[in-house]
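Okay, so here's the structure we're looking at.
Labels below follow one simple rule: chain letters A, B, ... track the order of the sequence lines, proteins then strands, and each chain is numbered from 1. Since we're looking at a predicted model, the values are computed, not measured.
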Amino acid sequence: MLRVFTYLLIAISMIAISIFIGWWQVDGPGTKAPASTIPVSLTQMEFSLKDHENNQVSARSLLGKPAMVFFGFTYCPDICPTTLENISRWLDELGPDAEKFNAILVSVDPERDTPKVLAEYISYFHPMIRGWTGSLTELDKMMAGFAAKYERVPLGKDDYTINHSAGVYLFAEDGSFVSIIDSHEDAKMALTKIHRAIKSP
Amino acid sequence: MINKLLILIAVTVTFVNIPAYAQTRDVTITRQWARASIGTMRPTAAYLTITNNGKDAVILDRIKTKIAAMAHIHNSTTNAKGISSMAPAGEIRIEPNQSVTLQPSGLHIMLMDLQRPLIKGDSFELTLIFENGQHITTDVPVLAISARGPKE
Ligand SMILES: [Cu+2]
């Protein structure tokens, strides 16, 4: 009788402990901080890349003007040229205000996109758009600051494509994050957000 | 006599042509265009609308073109986290009286392993092969890299 009682007690304690561990991990103090989904201020980012003219650039290069930043790569035949064309149209719409912007395509494919390649690629779009890229380590630092992601995916035999965050990131001239223009948003919505980036902070 | 003969020839030609004529009219290709390429190393994309005017559903099997060693149908998608990706589109099935549009940021014909650069202003032949054996060849104009749709 006593033995049955002891087993019962052990069983109950084990259940209680596992419930406690579960609570600790999911809701309790043991919860891992959720990965941020919003970019930090450009002033808090540390990375160093090269632009399409081989100049050293960093997050600080974007301060002083509002910025629109987009991730892509030149082997991307569909989404990237379409987004760059959208950005080109928005810049056209802005007219002289376009000069007030930093508009940057960041290539997440430095293996194939050298500054020289980027220079040719961006020449097909709005002249205000500049191209940046650099080492994977530095790109990773930048992507972390932007809460953005990219992933190399094999495509056929020895080819690959890159899945990447496709939104256009907007920052104010003081570096604070303003908004993301999603790929499905229309020009009117995009321009509203862009004007918000010009006006803030 | 000659008139009768001509009528006979005309009737025969018309009659003989009916199946082929009907077949090409069942499925039509419109709004086709391709984006200019940068040299031959980088892939580019072609877009078009396939309309099925026939009574049976048709399934697109593959694409053939001399301009690219590989021409695959891909779909670009963006997930809830804003991450875009591109993958083989799977079966493209067009029901009767329906059409399927390939357009930027969605379905596209990915032209890989280009045999020559696609230059703005040029055009090239592209053949769509359907599962029922039907072939449709269309002339695809090459528009600017920054183009976003067919010329109206
Ligand atoms: Cu593709």
Side-chain angles (χ1 to χ4, degrees), chain A residues 35 37 70-89 92 108-109 112-113 117-126 129 143 146-169 180-185 187, chain B residues 33-48 63 65 67-89 101-114 117-121 140 142-150:
Chain A
T37 52
F70 163 69
F71 298 99
F73 59 110
T74 71
Y75 273 74
C76 160
D78 183 54
I79 294 256
C80 305
T82 305
T83 307
L84 280 168
E85 169 52 15
N86 284 336
I87 294 175
S88 300
R89 285 201 178 192
D92 282 342
V108 290
D109 189 10
R112 296 186 294 201
D113 293 343
V117 165
L118 273 178
E120 187 190 349
Y121 189 70
I122 59 170
S123 74
Y124 295 101
F125 299 95
H126 194 284
I129 300 173
M143 298 302 267
F146 274 71
K149 293 206 162 53
Y150 69 106
E151 184 193 5
R152 205 164 134 154
V153 183
L155 186 75
K157 268 197 308 257
D158 11 67
D159 202 1
Y160 63 92
T161 181
I162 300 173
N163 298 348
H164 59 89
S165 298
V168 178
Y169 295 77
I180 297 174
I181 304 170
D182 287 329
S183 45
H184 62 266
E185 279 173 318
Chain B
W33 66 284
R35 183 175 283 115
S37 69
I38 302 174
T40 54
M41 291 287 288
R42 283 167 181 69
T44 190
Y47 307 92
L48 43 80
I63 305 278
T65 175
I67 206 152
M70 285 194 290
H72 295 165
I73 298 168
H74 281 177
N75 196 13
S76 299
T77 51
T78 304
N79 71 13
K81 288 179 178 158
I83 297 165
S84 72
S85 56
M86 182 173 74
T101 297
L102 283 65
Q103 59 190 351
S105 301
L107 289 169
H108 56 274
I109 298 167
M110 176 107 154
L111 302 170
M112 295 169 281
D113 223 332
L114 299 178
L118 277 74
I119 297 159
K120 182 181 157 184
V140 181
V142 178
L143 307 186
I145 289 181
S146 58
R148 63 166 55 206

Is it the backbone or the side chain of A:T161 that comes under 4.5 Å from a heavy atom of chain B, or both, or neither?
-> side chain

Chain A contact via B:T78 - which portion, at a heavy-atom distance below 4.5 Å = side chain

In terms of heavy-atom proximity below 4.5 Å to chain B, should A:F125 be classed as side chain, backbone, both, or neither?
-> side chain

Within residues 35-45 of chain B, residues adjacent to chain A where the heavy-atom gap is under 4.5 Å | B:R35, B:I38, B:M41, B:R42, B:P43, B:T44, B:A45

Structural part of A:V153 lying under 4.5 Å from a heavy atom of chain B | neither

Please report the closest heavy-atom contact between A:D78 and B:S76, naming both atoms and the distance.
-> OD2-OG, 2.6 Å

Side-chain H-bond candidate by donor/acceptor type, A:D109 with A:Y150, under 3.5 Å | no

Okay, A:E120 and chain B: the region with an atom under 4.5 Å from a heavy atom over there is side chain

Bottom line for A:T74: the part with an atom under 4.5 Å from chain B's heavy atoms is both

Do A:H164 side-chain atoms and A:F71 backbone N/O form a donor-acceptor pair below 3.5 Å?
-> yes

Is it possible for you to check whether A:R112 lies under 6.0 Å from the centre of the six-membered ring of A:Y160, through NZ or CZ, and within 45° of that ring's axis?
-> yes

By side chain to side chain contact (heavy atoms under 4.5 Å, CB included) - contacts of A:D158 (at least two apart) | none

Please look at A:I180 and chain B and tell me whether the side chain, the backbone, both or neither of the residue comes under 4.5 angstrom of a heavy atom of that chain.
-> neither

Take A:E151 and B:I83 through the side chain to side chain contact (heavy atoms under 4.5 Å, CB included) test and state the conclusion after the steps.
-> CA-CA 10 Å; A:E151 184 193 5; B:I83 297 165; over 6 Å; no

